[in-house]
Amino acid sequence: MTAEQMAESAESPDGSSPPRAETTTAPRAETKPPPRPLDAIDQDILQMLQADGRASIRSVAERVHVSRANAYARINRLVEDGVIRGFGARVDHERAGHGTSAYVTLKIVQNSWRTVREQLRQLPGASHIALVGGDFDVLLLVHTPDNRALRELVLTRLQAIPEVLSTRTLLVFEEEDLEPQG
């Protein structure tokens with residue numbers, strides 16, 4: 001028996017076993033349950049709420065021809081299942097003082113997506129972040145008050161992230177959010 005094995009089998013003076021070193025495993029990625037299939041009523045509810053996130057339960061129920069209790073339960077299930085991620089306002093960025101918009105493409109160090117994503121989330125004016133395939137790795141949509149603020153964001157903030165290898169900025173001249181059909 002080796003010294004390590006004897007130490008492991010030895011008891012402490014109070015008769016209890018010695019503490020064992022705990023083994024740790026890498027944290028698992030959070031797994032989501034598989035999505036439930038959405039029926040026609042769920043689809044109609046989603047379409048209605050995309051067009052008007054402030055619609056009342058009563059109006060949703062009337063429009064999709066179910067009881068208020070059924071509409072309420074369905075909306076709650078869609079939220080709990082992560083189908084509906086939240087309710088919000090569609091903002092006119094120019095009228096809100098952020099008249100300059102740009103898509104910024106980034107090439108990043110391989111396997112650094114999670115680190116880069118967390119840093120991009122902290123950027124002022126970042127409104128959409130996507131990991132993509134192709135000539136670049138990340139597509140970032142930003143809204144800033146003016147070109148000077150955009151320049152500062154790209155040259156000072158983005159290019160200071162160690163995992164960012166290069167950037168390319170595509171200035172948006174005009175944009176329009178597509179309204180859900182409904």
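A quick note: this is a predicted structure, and the numbers were derived from the prediction, not measured.
Ion pairing between a basic and an acidic side chain is recognised when a charged N comes within 4.0 Å of a carboxylate O; Glu80 and Arg77 show no such pairing. Salt-bridge annotation for Arg36 and Asp81: present, with a side-chain N of the basic residue lying under 4.0 Å from a carboxylate O of the acidic one.
Heavy-atom contacts from other residues, nucleotides or ligands closer than 6.0 Å to CD of Gln43 number more than 12. The number of heavy-atom neighbours closer than 6.0 Å to CG of Asp135, taken from other residues, nucleotides and ligands shown, is 12 or below.
Between Val142 and Ala126, the closest heavy-atom pair is CG1-CA, 4.0 Å. Here the closest heavy-atom approach between residue Glu118 and residue Gln122 is recorded as O-CG, 3.4 Å. Nearest approach of His128 to Ala130, heavy atoms of both residues: NE2-CB, 3.9 Å. Among all heavy-atom pairs drawn from Val91 and Ala96, the shortest one is CG1-CB, 3.9 Å. For the residue pair Ala102 and Thr169, the shortest heavy atom distance occurs at CB-CG2, 3.9 Å. Taking every heavy atom of both residues into account, Arg74 and Asp42 meet most closely at NH1-OD1, 2.8 Å.
Of the residues Val132, Thr167, Leu120, Val104, the one that meets the side chain to side chain contact (heavy atoms under 4.5 Å, CB included) test with Val138 is Leu120.
Note that CD of Gln50 and CZ of Arg90 are 9.0 Å apart. Values are rounded to the nearest 0.5 Å. With values rounded to the nearest 0.5 angstrom, Leu106 atom CG is found 9.5 Å from Phe136 atom CZ. A distance of 11.5 Å separates OG1 in Thr144 from CG in Leu123, rounded to the nearest 0.5 Å. Between the CD1 atom in Ile41 and the CG atom in Leu38 there is a gap of 12.0 Å [rounded to 0.5 Å]. Here Leu170 contributes atom CG and Thr105 contributes atom OG1; the two are 6.0 Å apart, rounded to the nearest 0.5 Å. With rounding to the nearest 0.5 angstrom, the NE2 atom of His98 is 10.5 Å from the OG atom of Ser127.
Linking Ile, Leu, Val, Met, Phe, Trp and Tyr whenever their side-chain heavy atoms come within less than 4.5 Å puts Tyr72 and Leu49 in one cluster. Hydrophobic clustering places Ile129 together with Val116 (ILVMFWY residues linked when any side-chain heavy atoms are closer than 4.5 Å, directly or through intermediates). Cluster annotation: Val164 and Val109 are assigned to distinct hydrophobic clusters (Ile/Leu/Val/Met/Phe/Trp/Tyr, side-chain heavy-atom contacts under 4.5 Å, transitive). Linking ILVMFWY residues whenever their side-chain heavy atoms come closer than 4.5 Å, directly or via other members, leaves Leu139 and Leu165 in distinct clusters. A chain of hydrophobic side-chain contacts below 4.5 Å, direct or via other Ile, Leu, Val, Met, Phe, Trp or Tyr residues, connects Leu158 to Leu171.
Considering only heavy atoms from C-beta on, Leu140 stays 4.5 Å or farther from Tyr103 through its side chain.
Counting only residues at least two apart or on different chains, no salt bridge (charged side-chain N to carboxylate O under 4.0 Å, His left out) pair has a member in residues 161-176. Applying the salt bridge (charged side-chain N to carboxylate O under 4.0 Å, His left out) test to pairs two or more places apart or on separate chains, none has a residue in residues 137-158.
Judged purely by distance below 3.5 Å, without hydrogens or angles, the side chains of His143 and Ser101 pair a donor atom with an acceptor atom. Side-chain atoms of Ser56 and Ser59 form a donor-acceptor pair, as typed in the model, at a separation below 3.5 Å.
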Run Arg58 and Glu62 through salt bridge (charged side-chain N to carboxylate O under 4.0 Å, His left out) and show every step you take.
CA-CA 6 Å; Arg58 191 185 91 210; Glu62 288 173 0; 3.4 Å; yes

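Panel note: side chain Ser112, backbone Thr115; no donor-acceptor pair is recorded below 3.5 Å.
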